[in-house]
Amino acid sequence: MSPRVGVAGLGHWGPNLARNFAELAELAWLCDSEPSRREVADRYPQARFTSSFDEMLEDDSLDAVVIATPVPTHFELARQALSAGKHVLVEKPPAMRGVEMDELVALAREHDLVLMPGHLLLYHPGVQKLKEMIDAGELGQVLCVYGNRQNLGIIRSNENALLSLGVHDLSVILHLLDEEPAKAVALGRDFLTDGVEDVVFCYLRFPSGKIAHMHLSWLDPHKMRRMTVVGTEKMVVFDDMELERKITVYEKAPWRPSDRYGEWQTRTGDIFSPRIANDEPLKLECQAFLSLVDGDGDRRKVAEDGARVVRALDLLSSSLDGS
Ligand SMILES: NC(=O)c1ccc[n+]([C@@H]2O[C@H](COP(=O)([O-])OP(=O)(O)OC[C@H]3O[C@@H](n4cnc5c(N)ncnc54)[C@H](O)[C@@H]3O)[C@@H](O)[C@H]2O)c1
C-alpha cells in the first residue's frame with residue numbers, strides 16, 4: 001500500500017512536492033496556515049486541506065509529512081511531526097542551529113522514523129555522476145572543490161545568501177568529500193537590506209587537508225550554478241546552467257617528469273562530457289524519501305548527513321555574523 005503523505009507549505013515550492021507525491025504515493029493532506037492557499041488543494045480532490053498543522057498530525061493513518069514552509073519554522077514543525085510518529089521530509093535546512101538538528105536526529109532515531117532534509121542537488125544525476133567519478137578514483141586525489149551560485153536576484157529580505165543559496169552547495173561539497181570541515185569561515189556584506197548578507201564568500205578546510213570555497217550572491221551579472229572539482233589526475237565541472245553538457249571532464253593535471261629535476265609541468269588531454277540522464281531531481285528526491293519510508297536504504301545516515309550540513313552552516317553563520 002502506498003504511504004499516505006501530507007504536504008505543509010503551499011507557497012512557491014510546496015506545490016512541486018505535492019505534484020510529485022500525488023504521482024508517487026497517496027497525497028492525503030495539504031496544509032497551509034494561509035487559507036487562501038486552498039486553491040492549490042483544488043487540483044487534488046483526493047487530499048484534505050487544512051490550515052492547521054496539528055489537525056493534519058492528528059490523522060493516525062497519515063504516514064509521512066513533507067515540510068515546505070519558511071526556514072525559521074522548519075525545526076518546530078519537524079519536531080512536532082516526528083513526535084507525532086510521522087516520517088519527515090523537510091526542506092533545507094531542517095534547523096538553523098546544530099543543537100536543534102541534533103534534537104531532530106535523536107527524535108527520529110528514538111522512534112525509528114525517517115528524517116530527510118530536502119537536499120535536492122544530491123539527487124541530481126549530474127551530482128551523482130560527480131560522486132561516482134570521485135569515489136572510483138577517476139580524478140586521482142581530490143585537492144579542492146569550489147561552488148559558484150550567483151545571479152542578479154531574487155533579492156530576499158528575510159534569508160541571507162548563505163541560508164538561501166549556500167545550503168545547496170554545502171550539502172553537495174560535504175557529500176562529495178564525505179568529511180566534516182574542521183574549519184568553516186564566511187565573510188559577507190549586507191548591501192541592500194540591513195543584516196541580510198547578499199554577497200557571501202565561504203572557506204572550508206577538511207581534516208584530510210582538502211579545501212573548498214563557495215561564492216554565494218544575488219548581486220552578480222552572471223547566473224552561475226557551477227561546482228568545480230580539482231583532482232591530481234583530472235578536473236571536473238558540473239554546470240547546472242548547461243542544457244546538455246552538465247558535466248565536463250578535463251584531463252588536465254600538474255605532473256613532475258622524472259627528467260626535469262622536480263620541476264612541475266602541466267598535462268592537457270581530452271575534454272569530454274559524459275551523458276547525464278534527464279530525470280527531474282525533485283522526483284528522484286521524493287522517490288528516495290518513499291524508499292526510506294518503505295524500509296530500504298539507511299535512514300539514519302540520511303539524517304546524520306543532514307546534521308553535518310547544519311553544523312557546518314552553523315559555523316559559517318557564526319563567523320558571518322562577525323564579518
Ligand atoms: N529545494 C529547492 O530547490 C527549493 C526551492 C525553493 C524553495 N525551497 C524551500 O522551500 C521552503 C518554502 O519556500 P517557498 O519559496 O515556497 O516559500 P513561500 O513563502 O512561498 O511559501 C511558504 C508557505 O508556507 C506557509 N506556512 C508558513 N508557516 C506555516 C505553518 N506553520 N504551517 C503551514 N503552512 C505554513 C505560508 O503561508 C506559505 O504559503 C523554504 O524552506 C525554501 O528554502 C527549496
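Whatever order the structure lists them in is the order used to number ligands and atoms, beginning at 1. Everything quoted here is computed from the prediction, not taken from an experiment.
Among pairs with a residue in residues 27-44, none fulfils salt bridge (charged side-chain N to carboxylate O under 4.0 Å, His left out), at least two apart in sequence or across chains.
Scanning all heavy atoms of the two residues, the minimum distance from Pro94 to Leu104 falls at O-CD1, 3.9 Å.
Between His213 and Tyr203, the ring center distance fails the sub-6.0 Å criterion.
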What are the polar N/O contacts of ligand 1 with the protein below 3.5 Å, with distances?
residue: ligand 1; atom: 1 (N); partner: Glu91; partner atom: OE1; Å: 3.4
residue: ligand 1; atom: 16 (O); partner: His12; partner atom: N; Å: 3.0
residue: ligand 1; atom: 16 (O); partner: Trp13; partner atom: N; Å: 2.8
residue: ligand 1; atom: 20 (O); partner: His12; partner atom: N; Å: 3.0
residue: ligand 1; atom: 20 (O); partner: His12; partner atom: ND1; Å: 2.9
residue: ligand 1; atom: 26 (N); partner: Ser33; partner atom: OG; Å: 3.4
residue: ligand 1; atom: 34 (N); partner: Ser33; partner atom: N; Å: 3.1
residue: ligand 1; atom: 37 (O); partner: Asp32; partner atom: OD1; Å: 2.6
residue: ligand 1; atom: 39 (O); partner: Asp32; partner atom: OD1; Å: 3.3
residue: ligand 1; atom: 39 (O); partner: Asp32; partner atom: OD2; Å: 2.6
residue: ligand 1; atom: 39 (O); partner: Arg37; partner atom: NE; Å: 3.1
residue: ligand 1; atom: 41 (O); partner: Thr69; partner atom: O; Å: 3.3
residue: ligand 1; atom: 41 (O); partner: His74; partner atom: NE2; Å: 3.0
residue: ligand 1; atom: 43 (O); partner: Lys92; partner atom: NZ; Å: 3.2

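Lys92 is linked by a side chain to side chain contact (heavy atoms under 4.5 Å, CB included) to His119, Val167, His168, counting only residues two or more places apart in sequence or in another chain.
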Which pairs of donor and acceptor atoms, one on a side chain in residues 18-30, lie under 3.5 Å apart (sequence neighbours left out)?
residue: Arg19; atom: NH2; partner: Glu280; partner atom: OE2; Å: 3.1
residue: Asn20; atom: ND2; partner: Asn16; partner atom: O; Å: 3.1
residue: Glu23; atom: OE2; partner: Lys283; partner atom: NZ; Å: 3.0
residue: Glu26; atom: OE2; partner: Arg4; partner atom: NH1; Å: 2.8
residue: Trp29; atom: NE1; partner: Asp59; partner atom: OD2; Å: 2.8

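Considering only heavy atoms from C-beta on, Asp239 stays 4.5 Å or farther from Thr248 through its side chain.
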